[in-house]
Each structure stands twice: as C-alpha cells, then as structure tokens.
Amino acid sequence: MAAPPTIDALGQFRLTTALGPVGRSVNFTNSNVIMVLSAALLLALLAVGMRRRAVVPGRLQSLAELCYEFIAGMCADTIGPEGRRYFPFVFTLFFFILFGNLLGLFPYFFAFTSHIAVTAALAVMVFVLSIIVAISLHGLRFFTYFFPQGAPKALAPVLIPIEILSYLSRPVSLSIRLFANIVAGHVMWEVFAGFMLILTAALGIAGGIAAVLPLAINVVLVGFELLVAFLQAYVFAILTCLYLHDAVHLH
Amino acid sequence: MDEEPGGDDVSFEERLRAARGRQRLDGPPAGKGPSDPFAGSPWAIGLRVGVELVAALAVGVAIGWALDRWLGTRPVFLSLFFLLGGAAGVRNVWRVFSR
C-alpha cells in the first residue's frame, strides 16, 4: 500500500466532466449526467407506464397513477382548488429532486442535490414563480402581504422590514435544507467507510473485525438516507405548495 | 334532488371529509392544517426551526453588510439588520407553528 488510507469526505462532491472531449468543451459534468438521467427516468416512468392506458392498471401504470395522485392531492390540499394550475410545476420539481436524491445513493453516481448551486437555483425558481403568480393575480395588492393584518400602523417601520426579510429568507432556507441534508448523509457515509479502511490498515485482522461496527452503522445509514431522500423531496414540494398558497391567497 | 336545500351539499362534503379522514386519505388529520409535514419527529422539527432562524439571520446580515459596504457606514446597517434578521427568524418560526 502506497499511502495510508485517509478520510476524504468532500472528494465525492467534486465535479468532473463527462462524455470525453465533447463534455469537456461544454463543461458537461457528472452532475449534469445524473440530472439528465433523473429527467429521463421520470419521462420514461410516465411514458412507458401510461402507454397501455388500461382500465385495470398494471404495475408500472399503477406507479405512474400513484405518483400523479400523490402530487395532485398535495396541490389540492395545500394550495386549494386553484392548486391544479400549479400541478405540473410541483410534479416536475418533486420527482426531479426525488430521483436526484435516490440516484445519488448509488455507488459511483453523483448526488446533484448536494450542490448548493443546484438547490439554490431550484429555490430561486420557486421564489420568483411565487412572486410572479402573486403579482399577476393581485397586482400591487401583493405588497400588502408585508404588513400583517390588524397590526397597529405605528409599528409599520419595524414590521415591514421584518416581514420582507422573512420573505427573502424563504429561498435561502429552502435551498439550505435540501443541500445540508444530502451533504450530511453522504459525508457520514464516507467518514464511516473511510474509518473501516483506516482500522484495517492500522490494526490488521483485529481491525478488520472491529470494522464490522462502522459497516453496521453504514447499513443503518442506507435506510436513513432513503428516508431523507424521500422526506427532503417531499418537504421541498410541500413548501413550494405553501409559498404558492401564500401567493394565491395572500395572508 | 333539485328540491333539496343547498345545505345538503355541505353536509355531504362534511361526511365525505370525515370518512376520508377516518381512512387517512387526506394525509394529516384535519385541524392540523396541510402544512405540518414533519410533525412527530423532534429531529425534523428542530432542524426546520434551526434552518429557518439561521436563514433569516443570514439574509439580514448579508443585506446589512452589503449596505454598509456600499454606503461606507460600517457598523450601522450591519447591527440594525442583524437585529431585524433575528426578528425575522423568530417570525419564520412563529409562522411555521401558527399555521
């Protein structure tokens, strides 16, 4: 062995270009590959699943219908009856993030939601969309959103900046939540896996036996990470719905 | 059916909602509101509150710092927006739990 194994917890998030010289010239990275794969999987699920359009659905069609109804229900419950209009957006967002999180769990794959640039872009998209929806539906009355109803007028100089800051913090918290959860999970995996290597390199056979403990922790973490992948995609989608609800209804 | 009073629709909707609630078809039970996706797990609640607080504070500090840099008034806007950002964080948390 040339060098003793070390824990390089953040190396897994490094971007490399894919697709050889073509990818290098346009900066097509491993992250982009998984994004395309994630979008393609979603399209394939819907296109292949709904090809038969059977009255009694088969397995794949059931899955596609279940996905549809899950998001349609989320939109209708959270945004209200108008929520159907935003269904395509929320559906795409949820499944893009979900497939991204899940694909990121496979070895040699890349979790693109572990990059704050990606999650921030998604969150800013949600933020801008909710502002556009609010202004197109309510016009300038949108700005009354920043003054809580029933509050004394004298407090306006304090309350309005606070409300505006609170509003501006939405895309920040939305993007940090997803990014931090995915990064934390992957770093924990890497740390425990690296610990196994260090143990075996340092203590030989005894270390190899002791390495069963970090291995067991990693096995538990797989289940935990699956949960986080679903939960964070769900949280992102439901918060998008909440922001759209605020945009549609104001207050 | 046309002679039925309009109230019948409402009672049907109510019964439907009660039935759906019993079968847990509508996610979290009514009353909690639709916005309680992570009730139950203390870790999730804690993480959510922490992120909301820190995000608002970070936005406030960033704006204050940028204003100071632009106007050359070093601690004035930073300290002002630090306080406002903290208040906005508390407002966020309040909003999370009051929905």
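By convention in this document, chain letters (A, B, ...) are assigned in the order of the sequence lines, proteins followed by strands, and residues within each chain are numbered from 1.
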Decide yes or no for [X] and [Y]: does some side-chain heavy atom of the first lie under 4.5 Å from some side-chain heavy atom of the second?
{"X": "Y234(A)", "Y": "F70(A)", "answer": "yes"}
{"X": "F13(A)", "Y": "V187(A)", "answer": "yes"}
{"X": "M196(A)", "Y": "L215(A)", "answer": "yes"}
{"X": "I71(A)", "Y": "F95(A)", "answer": "yes"}

* To do: Heavy-atom distances under 4.5 Å only: say whether I63(B) touches chain A with side chain, backbone, both or neither.
  => side chain
* Asked: What part of L47(B) lies closer than 4.5 angstrom to a heavy atom of chain A: side chain, backbone, both or neither?
  -> side chain
* Asked: Taking atom CZ of F94(A) as the centre, does the number of heavy atoms from other residues, nucleotides or ligands within less than 6.0 Å exceed 12?
  -> yes
* Salt-bridge contact R95(B)-D246(A) (side-chain N to carboxylate O under 4.0 Å) -> no
* To do: Sorted by first residue and then second, give each side chain to side chain donor-acceptor pair (under 3.5 Å) pair with at least one member in residues 86-101 of chain A; sequence neighbours left out.
  => N101(A)-T113(A)
* To do: Check whether any side-chain N or O of H249(A) sits under 3.5 Å from a backbone N or O of I79(A) as a donor-acceptor pair, and report yes or no.
  => yes
* To do: Residue by residue, scan residues 150-168 of chain A and write down, ordered by number, those that have a heavy-atom distance under 4.5 Å to chain B; if none do, write 'none'.
  => V158(A), P161(A), I162(A), E163(A), L165(A), S166(A), L168(A)
* Excluding sequence neighbours, so at least two apart, what forms ring-ring contact (aromatic ring centres under 6.0 Å, His included) with F110(A)? -> H115(A)
* Does any donor atom in the side chain of S169(A) or N92(B) lie under 3.5 Å from an acceptor atom in the other side chain? -> yes
* Taking non-hydrogen atoms and a cut-off under 4.5 angstrom, which of residues 64-80 of chain B neighbour chain A? -> none
